[in-house]
Amino acid sequence: MAKPRAVRRVRPDPESLFATRKRPKKLPFDFVLAELDELGPVTRPMFGCHAVYVDEKIVFILRDKGNPRDDDGVWVATTREHHAALLRDLPSLRSITVLAGGGVTGWQILPADADDFEESVLHACELVKRRDVRIGKVPGGRRGERRGR
């Protein structure tokens, strides 16, 4: 019968505990957070993008996958009823093609390749700062929590 082998434990290098981790991806369009700074925005990763929350509402998703035709830009959380009014304020706003098979959803996009991209995004940030009801959604799982308070 074979003699069991002794298990050799390897101690982790104490220096590795403090080693730097892989740098996180740079947040695309970080000027959005600078513009909303007074509201204390929070970002969370979402589908390889970055969701931007103000209070309990998601207001934007920042997406930069490297191909503007794939809806790179700032996604705006809104509802269909507000599309026409927002389009008057943000002329480059359009529907997102990667959602719902290219159909119309509540989400709209300020495309990164638009000539007025930065100007439009800054205007959208201004609308958020003014608490414009046309921008922002309480995520589905949080609606019930809010009612229970």
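The analysis underlying the following values was restricted to heavy atoms, covering all of them including side chains, and did not include hydrogens, waters or symmetry mates.
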Reported CG-to-CH2 distance for the pair Leu99 and Trp75, which is rounded to 0.5 angstrom: 4.5 Å
Leu90 versus Ser120, closest heavy-atom pair with distance: CD2-O, 3.4 Å
Student check: side-chain heavy atoms of Arg63 and Asp70 closer than 4.5 Å: yes
Gap separating the OH atom of Tyr53 from the CE atom of Met46, nearest 0.5 angstrom: 3.5 Å
Closest approach of Val104 to Ser95 (non-hydrogen atoms, all atoms of both residues): CG2-OG, 4.0 Å
Test: Asp132 and Arg130 ion pair at under 4.0 Å: no
Value rounded to 0.5 Å, distance of CZ in Arg134 from CD in Gln108: 12.5 Å
Val74 side chain reached by Ile61 side chain, heavy atoms, under 4.5 Å: no
His50 versus Pro28, closest heavy-atom pair with distance: CD2-CD, 3.4 Å
Sequence neighbours excluded, every pair satisfying ring-ring contact (aromatic ring centres under 6.0 Å, His included) that has a member inside residues 95-116: none
Any side-chain heavy-atom pair of Asp71 and Arg94 under 4.5 Å: yes
side-chain contact (heavy atoms from CB on, under 4.5 Å) partner of Thr78, chosen from Leu86, Thr105, Leu93: Leu86
Least distance between heavy atoms, His82 atom then Val133 atom: NE2-O, 4.0 Å
Main-chain N/O of Ala112 paired with Asp72 side-chain donor or acceptor, under 3.5 Å: no
Side-chain polar contacts of residues 29-43 - donor-acceptor pairs under 3.5 angstrom, sequence neighbours left out - could you list them?
unit_1: Asp30; atom_1: OD2; unit_2: Lys26; atom_2: NZ; d: 3.3
unit_1: Glu35; atom_1: OE2; unit_2: Lys129; atom_2: NZ; d: 3.1

Residue pair Phe117 / Pro111: nearest heavy atoms and the distance that separates them: CD1-O, 3.2 Å
Minimum heavy-atom distance between Val59 and Gly136, given as atom pair plus value: CG1-CA, 4.0 Å
Note, Lys65 side chain near Cys49 side chain (heavy atom, < 4.5 Å): yes
